[in-house]
Amino acid sequence: MDIFLPEGFRPSKRAHSSAGTRARRLHVKAGDVLYPVLRCWDGGFAVDATCVPVLAGPVDLYDATEHIAQYVIRRCDTVQSERTFTVRRAAAVNYAAAPEMDQDLQGEMPEHR
């Protein structure tokens with residue numbers, strides 16, 4: 001069975017290239033300086049060794065302007081022109097307050113037993 005779709009519903013080559021541009025939008029913030037991230041995986045990320053110094057301590061990972069996570073760098077390795085960082089702890093960023101916390105702020109604090 002053939003299905004004919006209008007031009008706007010057909011997959012384009014741009015849809016496939018958007019995954020490649022996502023990596024270019026990632027950057028890490030150390031102090032007040034932003035550094036581009038080449039690739040990111042669960043437990044670490046890689047940067048260009050010629051542009052990024054050895055980082056230590058807490059850093060923030062961003063996707064364009066969206067704050068993704070906070071990391072604490074555990075280890076740094078440099079291989080050829082790539083510097084990889086292994087993280088010890090990653091905390092997801094959540095801007096929504098917990099409902100019970102919101103109620104606590106409005107009324108009395110509950111008693112803990």
Side-chain angles (χ1 to χ4, degrees):
M1 179 171 148
D2 291 334
I3 298 175
F4 296 98
L5 297 174
E7 190 66 34
F9 289 101
R10 293 182 187 166
S12 66
K13 292 183 181 181
R14 287 185 189 177
H16 298 293
S17 65
S18 65
T21 59
R22 178 171 171 79
R24 284 185 243 142
R25 293 173 39 184
L26 289 175
H27 56 276
V28 65
K29 182 177 180 183
D32 291 332
V33 183
L34 298 174
Y35 300 105
V37 174
L38 299 175
R39 56 192 171 90
C40 185
W41 60 91
D42 190 29
F45 59 92
V47 295
D48 186 4
T50 60
C51 299
V52 181
V54 175
L55 303 175
V59 295
D60 296 305
L61 183 67
Y62 288 88
D63 181 6
T65 59
E66 180 184 351
H67 191 206
I68 297 175
Q70 294 176 330
Y71 294 107
V72 175
I73 295 177
R74 186 182 84 187
R75 183 177 175 176
C76 174
D77 294 317
T78 305
V79 178
Q80 294 176 353
S81 65
E82 188 173 86
R83 187 165 286 143
T84 59
F85 294 96
T86 305
V87 295
R88 173 181 49 178
R89 175 182 69 217
V93 178
N94 185 3
Y95 293 107
E100 61 271 3
M101 193 65 164
D102 192 31
Q103 291 172 1
D104 290 345
L105 293 176
Q106 293 175 1
E108 294 182 16
M109 296 293 285
E111 292 182 20
H112 295 284
R113 297 178 188 199

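- A distance of 10.0 Å separates CD in Glu66 from CG in Leu61, rounded to the nearest 0.5 Å.
- In terms of heavy-atom proximity, Pro36 sits nearest to Val47 at O-CG1, 3.5 Å.
- In terms of heavy-atom proximity, Glu82 sits nearest to Thr84 at OE1-CG2, 3.9 Å.
- Listed here is the closest heavy atom pair of Ala56 and Ile73: N-CD1, 4.3 Å.
- The line from CZ of Arg74 to OG1 of Thr86 is 5.5 Å long, rounded to the nearest 0.5 Å.
- Applying the ring pair (Phe, Tyr, Trp, His ring centres under 6.0 Å) definition to pairs two or more places apart or across chains, those involving residues 29-54 are Phe45-Phe85.
- For the pair Val59/Val87, no side-chain contact is recorded, criterion being any heavy-atom separation below 4.5 Å from C-beta on.
- Applying the salt bridge (charged side-chain N to carboxylate O under 4.0 Å, His left out) test to residues at least two apart or on different chains, none of the pairs has a partner in residues 46-62.
- Pairing each heavy atom of Ala64 with each of His27, the nearest pair is O-CE1, 2.7 Å.
- Residues Arg83 and Leu38 have side chains not in contact (no heavy-atom distance under 4.5 Å, counting atoms from C-beta outward).
- Grouping the Ile, Leu, Val, Met, Phe, Trp and Tyr side chains by contacts below 4.5 angstrom, directly or via other members, places Ile68 with Val33.
- Note that the CZ atom of Arg39 and the CG atom of Leu26 stand 12.5 Å from one another [nearest 0.5 Å].
- At a threshold of 4.5 Å between side-chain heavy atoms, the hydrophobic network of Ile, Leu, Val, Met, Phe, Trp and Tyr places Val37 and Tyr62 in two separate groups.
- Side-chain atoms of His67 do not come within 3.5 Å of backbone N or O of Thr65 as any donor-acceptor pair.
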